[in-house]
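Residue numbers begin at 1 in each chain, while the letters A, B, ... track the order of the sequences. Bear in mind the structure is a predicted one, so any value in this text is a computation, not a measurement.
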Amino acid sequence: MSDVVVRFPPSPTGYLHIGGARTAIFNWLFARKHGGKFILRIENTDTERSTRESVEGILDGLRWLGLHWDEGPYFQNDFHKEHIRAAQMLLEMGLAYKCFCSKEELDKRRQQALHEKRSIGYDGRCRGLSQDEVKKREKKGIPYVIRFKVPEREGKIGYDDKVLGRIEKDYSEIEDFVIVRSNGTPLYLLCNVVDDIRDGITHIIRGQDHMANTIRQLLLYEALKKTPPVFAHMPLTLDPRKRKISKRTHGEVVSVQFYRERGFLPWALVNFLVLLGWHTSDNREIFSKEELIEAFSIEGISKANSVFNFNPDDKEKIKKFFTDPKALSINAHYLRTMPVDELYEYVKEDFIKSNLWRKEYEDEKKEWFLSTIDLIRSRFHTIKDFARYGRAYFADDFPIDEKALKKNILKHPQLKALLPMLSDVLNGLETWNIELLEDIVRAFCEKEGVKPGIVINGIRTVITGQLKGPGIFDCMVAIGKDRVIKRLAHLAK
RNA sequence: GGUCCCAUCGUCUAGUGGCCUAGGACGUCGGCCUCUCACGCCGAAAACAGGGGUUCGAGUCCCCUUGGGACCGCCA
């Protein structure tokens, strides 16, 4: 095993969303690529917003995507004492100080600064408080936070970002940030560093929205006398209006769960997501798990943010694209190319939910089931389509598409008599296979003087309810003699 | 307002000074196949944000402008 150790540290304040999943994917891939370790750590120091359900939701999402972690989940809360100790140490070493400014005061000052068009950072007024002054205020019971004392140095602090290159910032422009709340609980900036040190994290791959944190955390590493890990800041994923994607403003469309429920294959989602801001030099787009791990490299991560072109206006309207067309197309690709017996598991799961599942599909009718989903899958985009557009193959209560009815039946009134006639002809058949059916149907058309296309499309509409579908004789075989003749005979209604 | 990041077709992207007449994928449009649709195949429309440099030569390097984004919490 190499010495690569990475982590995915979600905060359990909601479901796993696309952005988080993407970060997890990149970290996971990096670990797998280098034979390293992928640690899952739940950052639940914000106890007010953290919930048990979201922890479960996140784990569930990661498992579904197939992103297996090697260690954890660890819970940040469990290391509370370590975090406190670190803060104490910084305080004792004079690298941090107590700040007695109240939240209200700070808010007011920020407002004022904004108003006066100044920088709105903390001005460091408690930094120079004398020992006596500090003691006096403590005695009075004034609450305080602990702030990190940014070194008073000339020049810049910086690091070499693996995707962005050299990043630097003037010491003078960094404000003294809070590391412990007035209620005594340490904050993310500190906890995160302490945990990363303890876990031996070697590479931190996270969103560009963390860049300001990185600068401050670098200071923390220095103060704690530890070598910082390598940083790589990934581009953000944006909504179609180019806003950062968030659970709060975008809702379920950006959750992993949403894609699961809408019939995505987990690997298709991973494959799509990894393409958002990453590429190989040969521009390949479809990867198996092994291929992706092999191909992955941080060098392929782009600097620019990318748009996840989901459909934000989809208000339950049935649209052709309920999410990014490319995501759908990748999903469709896997749907029609993956081994049928793998697909079987997904369809089964969905059919159980849709009440279409029958026990015999796993034993005596399994072969039929497999060949049927194989037959119809090439025009589907999601797992849901099997129950939606393929219902007629598995049940007798299926809807007839309005358009199909109009175009293929009503337009040709003679079908009303012809199809029941054909039904009788078919009823007399002893065998039931593609070649025979084709001969019979075509002969029937010739005899009745109708174009085969009219009859064939009529049959399709009647037996599948659909405007489109596989070759008709395949359909007839898949649906079976009994059901076909029954459906054709019933046209009278 | 301050700081930082970014900038090639509608979207994801290739491109690291000459191989660019800017390539691919998705989507769109047209065609082939055909009983329909899909698949597959063929084809079309579609981009280097603008301006200055540097250079024999710039999508590629530098500067400015513009545009977009992120961050500026006792959230993570």
**Request:** Just say parallel, tilted or perpendicular for the rings of A/Phe308 and A/Phe272, cut-offs at 30° and 60°.
**Result:** tilted
**Request:** With C1' as the reference atom in both, quote the distance from B/C42 to B/A47 in angstrom, rounded to an integer.
**Result:** 24 Å
**Message:** Does the plane of the ring in A/Phe148 sit parallel, tilted or perpendicular to the ring in A/Phe177? Use 30° and 60° as the thresholds.
**Reply:** parallel
**Message:** Please classify the nucleic acid contact of A/Asp170 as base, sugar-phosphate, or nothing, using heavy-atom distances under 4.0 Å.
**Reply:** nothing
**Item:** Residue mapping more 5' on RNA chain B - nearest nucleotide basis, A/Ser302 or A/Ser378
**Value:** A/Ser302
**Asked** With a 4.0 Å cut-off on heavy atoms, is A/Arg110 in touch with a base, just the backbone sugar-phosphate, or nothing at all?
**Response** sugar-phosphate
**Separation of the C1' atoms in B/G43 and B/C33, to the nearest angstrom** = 15 Å
**Request:** Looking only at side-chain atoms of A/Asp209, point me to the closest of B/U28, B/A70, B/C74.
**Result:** B/A70
**Item:** Ionic contact status for A/Arg442 with A/Glu446, cut-off 4.0 Å
**Value:** no
**Message:** For a quick test of reading the model: is some side-chain N or O of A/Arg460 closer than 4.0 Å to OP1 or OP2 of B/C35?
**Reply:** no
**Request:** Could you work out the separation of B/G69 and B/U8 based on their P atoms and round it to a whole Å?
**Result:** 14 Å
**Spacing of the P atoms in B/C5 and B/A45 (rounded, Å)** = 39 Å
**Sugar-phosphate, base or nothing in reach of A/Thr13, heavy atoms under 4.0 Å** = nothing
**Item:** B/A25 OP1/OP2 closer than 4.0 Å to side-chain N/O of A/Ser329
**Value:** no
**Message:** Just to be sure I understand the rule, does A/Ile120 reach a base, reach only the sugar-phosphate, or reach nothing, if contact means heavy atoms closer than 4.0 Å?
**Reply:** base
**B/C26 and B/C9, which share atom name C1', separated by this distance in whole Å** = 12 Å
**Message:** Less than 4.0 angstrom between a side-chain N/O of A/Ser306 and OP1 or OP2 of B/U13, yes or no?
**Reply:** yes
**Prompt:** Which whole number of Å gives the distance between the C1' atom of B/G51 and that of B/G10?
**Reply:** 26 Å
**Request:** Please state whether the phosphate of B/C71, meaning OP1 or OP2, lies under 4.0 angstrom from any side-chain nitrogen or oxygen of A/Lys244.
**Result:** yes
**Request:** Side chain of A/Leu238 only, please: which of B/G27, B/C74, B/G69 is the nearest?
**Result:** B/G69
**Fill in**
Between A/Glu438 and A/Thr280, whichever has its closest RNA chain B nucleotide further toward 5' is A/Thr280
**Message:** Counting the atoms with a prime plus P, OP1 and OP2 as sugar-phosphate, which does A/Leu276 contact under 4.0 Å by heavy atoms, base, sugar-phosphate, or nothing?
**Reply:** sugar-phosphate
**Asked** Roughly how far apart, to the nearest Å, are B/C63 and B/U54 at atom C1'?
**Response** 11 Å
**Asked** OP1 or OP2 of B/A14 sitting under 4.0 Å from any side-chain N/O of A/Arg284?
**Response** no
**Asked** Reckon A/Arg181 has a side-chain N or O less than 4.0 Å from the OP1 or OP2 of B/A76?
**Response** yes
**Message:** Just N and O in the side chain of A/Arg248: are any of them under 4.0 Å from OP1 or OP2 of B/C75?
**Reply:** no
**Request:** Answer yes or no: does atom CD of A/Glu154 have more than 12 heavy-atom neighbours from other residues, nucleotides or ligands under 6.0 Å?
**Result:** no
**Request:** Determine the interplanar angle of the A/Phe8 and A/Phe38 rings, folded into 0 to 90°, and report it as parallel if under 30°, tilted if 30 to 60°, perpendicular if over 60°.
**Result:** parallel
**Message:** Please verify the inter-ring angle class for A/Phe26 with A/Phe296; under 30° counts as parallel, over 60° as perpendicular, anything in between as tilted.
**Reply:** perpendicular
**Message:** Taking any heavy-atom pair under 4.0 Å as a contact, classify A/Thr45: base, sugar-phosphate, or nothing.
**Reply:** sugar-phosphate
**Asked** So what does A/Glu175 hit on the nucleic acid, given a heavy-atom distance under 4.0 Å: a base, only sugar-phosphate, or nothing?
**Response** sugar-phosphate
**Prompt:** Salt bridge between A/Lys403 and A/Asp401, side-chain N to carboxylate O under 4.0 Å?
**Reply:** no
**Fill in**
Separation of B/U34 atom C1' from A/Asn457 atom CG, nearest Å, is 11 Å
**Prompt:** What does A/Pro325 touch in the nucleic acid at a heavy-atom separation under 4.0 angstrom: a base, only the sugar-phosphate, or nothing?
**Reply:** sugar-phosphate
**Prompt:** Below 4.0 angstrom from OP1 or OP2 of B/C74, is there any side-chain N or O of A/Ser102?
**Reply:** no
**Asked** With respect to the side chain of A/Lys169, which nucleotide from B/G24, B/C35, B/U3 is positioned closest?
**Response** B/U3
**Asked** When you measure from the side chain of A/Glu285, which nucleotide among B/C12, B/C72, B/C74 comes out closest?
**Response** B/C12
**Below 4.0 Å: OP1/OP2 of B/G40 and any side-chain N or O of A/Arg336** = yes
**Message:** Using atom C1' in both nucleotides, what's the gap between B/G15 and B/C20 to the nearest angstrom?
**Reply:** 9 Å
**Request:** Mind checking A/Leu467 for me? I need base, sugar-phosphate or nothing, with any heavy atom below 4.0 Å counting as a touch.
**Result:** base
**Message:** Need one value for A/Pro9: base, sugar-phosphate or nothing, where a base atom within 4.0 Å counts as base even if backbone is also close, heavy atoms only.
**Reply:** nothing
